[in-house]
Amino acid sequence: MQINGEILPAADTAIFTRERWCKLITSRAEFKRPTPKETTNPFTGEAMTVLPPEDVAEVVFDGIVVGKVYWSMSDVPLINFSIEASNLEVVEEWATAMGGRFHVTG
């Protein structure tokens, strides 16, 4: 069962930033960045590569994708996550590393 939630700053802290989140993604083994996509430019018809945002990752354990995480698409400092319930404890580690707290939204 997938659990959805958010990681928010625990207090008014300067360490809860998109840049810090991107660094956390590259430093943790359970995060796997999406691969670039090859597509066709609709205006020119030429081939192009679409790079995924730096703040997006899949959550992978034992070679199996168990969730996904991404920085908020708004100006609010917020990380969204969706993860298998059996792996929820790792979200606490991410929140602590970011100086934040998490709660389940659905």
Side-chain angles (χ1 to χ4, degrees):
M1 175 173 78
Q2 288 282 315
I3 303 292
N4 298 311
E6 303 169 329
I7 301 173
L8 303 156
D12 187 17
T13 175
I15 67 169
F16 199 100
T17 65
R18 181 181 178 276
E19 291 74 25
R20 185 177 177 98
W21 173 243
C22 292
K23 287 180 183 176
L24 187 67
I25 287 174
T26 61
S27 72
R28 304 256 331 189
E30 70 269 19
F31 291 133
K32 179 181 180 256
R33 299 258 306 115
T35 56
K37 304 276 188 224
E38 297 298 323
T39 189
T40 302
N41 183 318
F43 300 106
T44 66
E46 295 179 9
M48 63 182 268
T49 302
V50 177
L51 301 174
E54 293 178 314
D55 57 12
V56 173
E58 293 177 322
V59 182
V60 180
F61 286 106
D62 297 324
I64 299 169
V65 176
V66 297
K68 60 185 173 188
V69 293
Y70 57 95
W71 188 261
S72 171
M73 291 185 245
S74 70
D75 291 334
V76 176
L78 172 93
I79 300 160
N80 294 293
F81 68 86
S82 177
I83 194 164
E84 288 292 328
S86 60
N87 299 104
L88 188 60
E89 71 279 350
V90 76
V91 177
E92 180 67 37
E93 294 176 27
W94 306 335
T96 300
M98 289 296 296
R101 61 182 170 72
F102 82 95
H103 74 274
V104 173
T105 59

Following the transitive rule for hydrophobic clusters with a side-chain heavy-atom cut-off under 4.5 Å over Ile, Leu, Val, Met, Phe, Trp and Tyr, establish whether Val69 and Ile64 coincide in one cluster. yes
Shared hydrophobic cluster, Val104 / Ile83 (ILVMFWY, side-chain heavy atoms < 4.5 Å): yes
If you look only at pairs with a residue in residues 31-52, which of them pass as a ring-ring contact (aromatic ring centres under 6.0 Å, His included), with sequence neighbours excluded? Trp21-Phe31, Phe31-Trp94
State whether the side chain of Arg20 and the backbone N or O of Ala97 hold a donor-acceptor pair below 3.5 Å, judged by distance alone. yes
Same hydrophobic cluster for Met73 and Val56, using side-chain heavy-atom links shorter than 4.5 Å among ILVMFWY? yes
Taking side-chain hydrogen bond (donor to acceptor under 3.5 Å, both in side chains) as the definition, give me every residue that meets it alongside Thr49, ordered by chain and number, with sequence neighbours left out. Glu38
side-chain contact (heavy atoms from CB on, under 4.5 Å), paired with Tyr70, selected from Asn80, Leu78, Ile79, Ile25: Asn80
What is the minimum heavy-atom distance between Ser82 and Asn4, and which atoms define it? OG-OD1, 2.9 Å
How close do Pro52 and Pro36 get, heavy atom to heavy atom, and via which atoms? CD-CA, 3.9 Å
If you measure from CD on Glu6 to CZ on Phe81, what distance do you get to the nearest 0.5 Å? 8.5 Å
Taking atom CD as the centre, does Glu54 end up with more than 12 heavy-atom neighbours from other residues, nucleotides or ligands that are less than 6.0 angstrom away? no
Any non-hydrogen side-chain atom of Val91 less than 4.5 Å from a side-chain atom of Ile3? no
Mind checking whether Val65 and Met1 sit in one hydrophobic cluster, side chains of I, L, V, M, F, W, Y counted as touching below 4.5 Å? no
For residues Val59 and Asn87, determine if any side-chain heavy atom of one lies less than 4.5 Å from a side-chain heavy atom of the other. no
With Arg28 via salt bridge (Lys or Arg N to Asp or Glu O under 4.0 Å) - residues at least two apart: Glu30, Glu93
Over all atoms of both residues, closest heavy-atom pair of Leu8 and Pro77: CD2-O, 4.3 Å
Quick one: closest heavy-atom pair of Leu24 and Met98, and the distance? CD2-CG, 4.1 Å
Gap separating the CG atom of Leu88 from the CD atom of Gln2, nearest 0.5 angstrom: 11.0 Å
Compare every heavy atom of Arg101 with every heavy atom of Pro9, then report the nearest pair and how far apart it is. O-NE, 4.0 Å
